[in-house]
Amino acid sequence: FVALKYQEKTANEYVDELFIGLKSDDYSEQEKYIEFNELLGSGANTDEADSAEEISVFFDKLDYKILDTKADFQKATIEVEVSNKDMGTVITNYFSKVIQLAFASAFSEDYTEEMVDAELTKYLQEQVNSEEIQTVTNTITIELGKKDGQWDITSDKDELTNVILPGFMEKLESIGNSFSDLAEEE
């Protein structure tokens with residue numbers, strides 16, 4: 001009994017580390033749990049220096065609560081309630097701003113690339129902090145397994161990403177499809 005309680009405790013600690021890592025400003029910690037290069041596509045600029053600030057913004061309002069844990073010596077299931085801003089809405093608004101600034105900078109010598117980047121970063125932060133953007137709460141069961149004696153996520157990482165960043169993947173896919181459709185029309 002004591003040994004099983006210890007397994008539950010260490011599984012909970014792993015899930016705590018996951019969310020603490022995501023909420024940190026440490027890109028390498030965030031990348032352990034959500035693979036941004038894979039999410040955004042191979043052409044995305046997600047090098048650590050440029051991306052840490054932008055990516056951290058997505059986790060500013062992330063909150064979680066462990067509801068239930070079941071563990072044995074090799075597997076664990078942890079039911080977690082996760083809340084975050086509706087990232088689908090954030091991304092939609094962000095891409096509208098990208099297009100707006102692209103046109104503004106194309107017809108003005110006053111806009112430098114650095115100015116556009118700074119304005120987009122500020123806008124992204126404003127969107128995440130906006131009271132107008134709904135907070136979405138979902139419950140997920142995270143499955144863990146032992147790998148080299150340590151807990152590791154065995155759950156579907158896409159499902160986990162969808163809960164942590166609600167609407168994000170769906171909206172990126174939709175935007176990507178829109179651009180693909182435009183390219184096919186040419």
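Everything numeric in this text was worked out from a predicted model, so none of it was measured.
With hydrogens and angles left out, the side-chain atoms of Q30 and S56 include a donor and acceptor closer than 3.5 Å.
Looking at residues two or more places apart in sequence or on another chain, you find a salt bridge (Lys or Arg N to Asp or Glu O under 4.0 Å) between K9 and E13. For K5, the side-chain contact (heavy atoms from CB on, under 4.5 Å) partners at least two apart in sequence or on another chain are F1, E8. Applying the side-chain hydrogen bond (donor to acceptor under 3.5 Å, both in side chains) criterion to D68, with sequence neighbours excluded, gives K70. For the side-chain hydrogen bond (donor to acceptor under 3.5 Å, both in side chains) test, no residue two or more places apart in sequence or in another chain qualifies with Y14. Taking the salt bridge (Lys or Arg N to Asp or Glu O under 4.0 Å) definition, one finds that E29 meets it with K32, sequence neighbours left out. Residues forming a side-chain contact (heavy atoms from CB on, under 4.5 Å) with K146 (at least two apart in sequence, or on another chain): Q7, Q74, W151.
Under a 3.5 Å cut-off, the side chain of S83 and the backbone N or O of D63 do not form any donor-acceptor pair. The backbone N or O of E81 lies less than 3.5 Å from no partner atom in the side chain of T139, so there is not a single donor-acceptor pair. Not a single donor-acceptor pair under 3.5 Å links the side chain of S130 to the backbone N or O of Q127. Proximity of a side-chain donor or acceptor of N84 to a complementary backbone N or O of F58 within less than 3.5 Å is detected. Formation of a donor-acceptor pair under 3.5 Å by the S174 side chain with backbone atoms of E170 is not found in this model.
Ring planes of Y64 and F19: parallel class, angle under 30° (limits at 30 and 60°).
Taking CG of D152 as the start and CG of L144 as the end, the distance is 8.0 Å to the nearest 0.5 Å. Summarising the geometry, atom CD1 belonging to I91 is positioned 10.5 Å from atom CG belonging to D86; distances are rounded to the nearest 0.5 Å. Taken to the nearest 0.5 Å, the CD atom of Q134 stands 7.5 Å off from the OG1 atom of T89. Of the inter-residue distances, the one linking K61 atom NZ with M87 atom CE reads 10.0 Å to the nearest 0.5 angstrom. Annotation: the span from E119 atom CD to L101 atom CG amounts to 4.5 Å, rounded to 0.5 Å. One distance of note links OG of S105 with CG of D110; it measures 11.0 Å at 0.5 Å rounding.
Heavy atoms only, all atoms of each residue included: G21 and S24 are closest at O-OG, 2.8 Å. Heavy atoms only, all atoms of each residue included: K85 and I133 are closest at NZ-O, 2.9 Å.
For K75, the NZ atom is loosely surrounded, since the number of other residues' heavy atoms within 6.0 Å does not exceed 12.
Side-chain contact between V98 and L120 is present, with heavy atoms from C-beta onward closer than 4.5 Å.
In summary, of the residues considered (I20, T69, I78), a side chain to side chain contact (heavy atoms under 4.5 Å, CB included) with V15 occurs for I78 alone. Between L124 and the choices N129, N93, V90, the side chain to side chain contact (heavy atoms under 4.5 Å, CB included) rule is met once, by V90.
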